[in-house]
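Scroll down for the structure; my scribbles are underneath it.
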Amino acid sequence: MIAFIPSLLHLLLAVSVPVLASPLPSELGPLQITGISLKGLLCDIPFVNHLLCPTKGTSVPSVATALGAALGVVDSSGALRFSVKYGSAARWQPSSMATTWALPNGSKNTSALPLVCPQANLSGSQMSEDCLSMILYVPENLKAGAAVPTMVWIHGGSFIEGGASNPGLDGSKLASATGAIVAVVQYRLGVLGFLGPTGATNLGLKDIVTALQFLAKVVPSFGGSASKITVAGQSSGANMIRALLAVPSASNLFQSAIIQSDPMDYGFTSPTVQSKMQTYFNSDVKCAATNAACFKRLSVDAILNAQSDLYDNAFSDIDPSCTQAEPIRVVHDGTFITSTMDSTTPFPKVTKPLLISTVLNEAGPSIYGMFDSSVPEAELDYVVNATFGTARGQKIMASSMYVTPGTNAATSNTDARTQLETLGTDYIWKCSSWTLARSYVASGGSAYVGMYVVGASYPGNDAIPYCTQAGVICHQDDIEIVFGTVPSPSAAQASLTTEMQARYKAFLNTGNPNPAGSSLAQWTPATTTASNALTLGGQGLAPVGACTADFWGQAVQYDYQVYDI
Ligand SMILES: *[C@@H]1O[C@H](CO)[C@@H](O)[C@H](O)[C@H]1NC(C)=O
Ligand SMILES: *[C@@H]1O[C@H](CO)[C@@H](O)[C@H](O)[C@H]1NC(C)=O
Ligand SMILES: *[C@@H]1O[C@H](CO)[C@@H](O)[C@H](O)[C@H]1NC(C)=O
Ligand SMILES: *[C@@H]1O[C@H](CO)[C@@H](O)[C@H](O)[C@H]1NC(C)=O
């Protein structure tokens with residue numbers, strides 16, 4: 001017996017993401033603008049129909065926007081980079097859009113990257129509550145009126161960590177390859193973004209809406225089209241995109257969506273559970289809900305410490321729907337977010353094209369991070385019971401999907417981590433994503449489903465030996481493929497980056513990831529009965545496994561169904 005068998009719910013996404021670990025690739029010299037008059041910066045070279053005047057090394061790229069002059073730097077790969085503050089918000093209040101163009105955090109340095117929003121395990125100088133910033137990557141030499149699309153990236157990090165300057169998120173190569181503007185946005189995290197002590201919810205998601213309003217206002221000045229905005233994101237960022245699809249007030253702010261590895265099984269949080277978490281937090285920081293001054297006085301450290309308590313105890317002390325992995329999530333409040341966007345309530349009518357992907361071994365970091373040595377197959381039943389309860393657990397064990405090869409053998413050395421990894425991947429990501437795709441199509445939208453079978457170990461995953469094995473693609477290993485930021489890519493990685501950037505370019509422009517006239521495999525959209533998940537980096541469709549319409553979501557319910565979120 002292993003002494004302690006944590007529940008699988010403990011699984012996910014607690015993979016720590018190094019923030020600001022690596023600086024973005026070289027710019028052509030940090031440009032010090034202090035002392036230079038703005039007029040001098042603007043287009044001192046002939047301006048022949050080019051929106052972005054200066055060429056490399058000559059000056060600060062500068063663009064006149066509706067909100068003032070945008071100053072940036074020439075980034076590494078044929079793109080210009082602009083850090084900008086898109087909004088501001090008082091603590092636990094909704095954000096409002098910036099009315100003048102300003103560098104993040106009051107900076108005068110156009111090369112500087114935004115400070116991240118407050119999160120655990122970083123020093124105070126790396127973060128700021130004044131964090132509603134984004135980094136825009138703009139292809140060079142865009143012509144005025146080019147009306148190119150914009151892809152907005154919402155980073156992951158379990159709603160409690162991450163930022164626009166995370167490793168691999170330099171959007172310059174993606175911008176160059178797709179000819180689109182790439183905007184990597186920040187939003188408030190953790191309790192500061194999702195758990196206002198007096199009942200405010202979804203502030204972090206509302207920050208994204210503010211960012212989209214900002215983009216609609218400014219992208220035309222860069223050669224973008226305000227009506228060609230696609231939201232894309234990974235993990236909790238993807239979860240926020242699914243929520244955005246259910247926000248009527250955001251509906252005209254984007255035309256299509258890309259959901260990469262949404263832990264969809266969890267569902268959103270219910271207002272009831274949100275309210276319990278709020279009570280817990282308020283009691284921990286010893287502020288009465290009515291005492292605004294008390295909340296205002298709290299240091300960021302005190303808030304993060306209480307957040308950490310909440311995170312550790314919500315599942316056991318508050319409600320199992322909190323999950324042990326992601327208690328702080330968006331809230332299905334019924335007013336801002338008007339649908340659960342899952343199979344528990346009628347699906348709203350949808351029209352926006354959707355691209356939904358997962359990776360082969362989503363649960364790899366969690367399972368192999370949690371169990372660093374072999375799990376005897378006799379323990380599988382135990383872990384499954386502990387995770388799902390015996391009713392669901394025994395249906396899972398009775399199916400043919402997760403049996404160990406040595407089941408029923410008196411002695412077997414089979415390592416059940418293989419089955420646990422498949423199980424975790426299936427219910428939290430893969431099957432629940434496929435369920436969404438089929439519902440989406442049934443409600444009028446188009447959905448293209450994919451599964452990465454080639455990836456690149458994201459920083460952090462490389463510390464888990466399983467994730468570095470050939471052919472294993474762990475959660476987050478799709479990110480650098482999409483951004484084209486894999487360090488020293490193999491031929492297979494480089495080829496998949498080329499393919500995905502071509503597919504994204506097509507999707508951003510047309511809502512269909514099949515580029516016209518290309519030799520790439522045809523990506524067939526999902527139907528109401530078949531997900532048609534294309535292997536990304538492989539050939540043909542991904543094996544269906546347990547992701548049939550009658551198993552996950554029906555014979556065995558997802559957590560969002562069990563907890564009636
Ligand atoms: C912070 O570090 C601690 C100790 O290493 C770790 O347990 C925790 O998960 C980290 N928190 C985040 C948000 O990364
Ligand atoms: C960010 O801005 C705040 C408030 O102006 C300031 O106290 C802090 O030093 C700034 N941080 C950095 C790293 O510039
Ligand atoms: C501007 O920011 C960049 C990137 O953080 C840094 O390398 C550079 O030293 C800064 N320049 C000045 C003048 O502070
Ligand atoms: C799991 O639950 C089932 C049904 O209650 C039970 O028969 C089985 O013995 C349990 N397994 C373990 C290891 O507790």
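Reckoned from all heavy atoms, side chains included, excluding hydrogens, waters and symmetry mates. All ligand and atom numbering here is 1-based and tracks the order in the structure.
Between Gln307 and Val191 the shortest heavy-atom distance is OE1-N, 3.0 Å. Here the closest heavy-atom approach between residue Thr358 and residue Ser433 is recorded as CG2-OG, 3.6 Å.
Ser172 and Asp170 are linked by a side-chain donor-acceptor pair at a separation below 3.5 angstrom, with hydrogens and angles left out of the test. Looking only at atom types and distance, the side chain of Tyr560 has no donor-acceptor partner in the side chain of Ser432 under 3.5 Å away.
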Applying side-chain hydrogen bond (donor to acceptor under 3.5 Å, both in side chains) to Gln493 and Thr497, what does each step give before you reach the verdict? CA-CA 6 Å; Gln493 290 169 329; Thr497 287; over 6 Å; no

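The immediate protein surroundings of ligand 4, defined as residues with any heavy atom under 4.0 Å of it, consist of Asp381, Tyr382, Asn385, Thr390, Gln394.
Aromatic rings from Tyr504 and Trp153 are positioned such that their centres are separated by 6.0 Å or more.
Considering backbone and side-chain N/O of Ser111, none are found under 3.5 Å from N/O of ligand 3.
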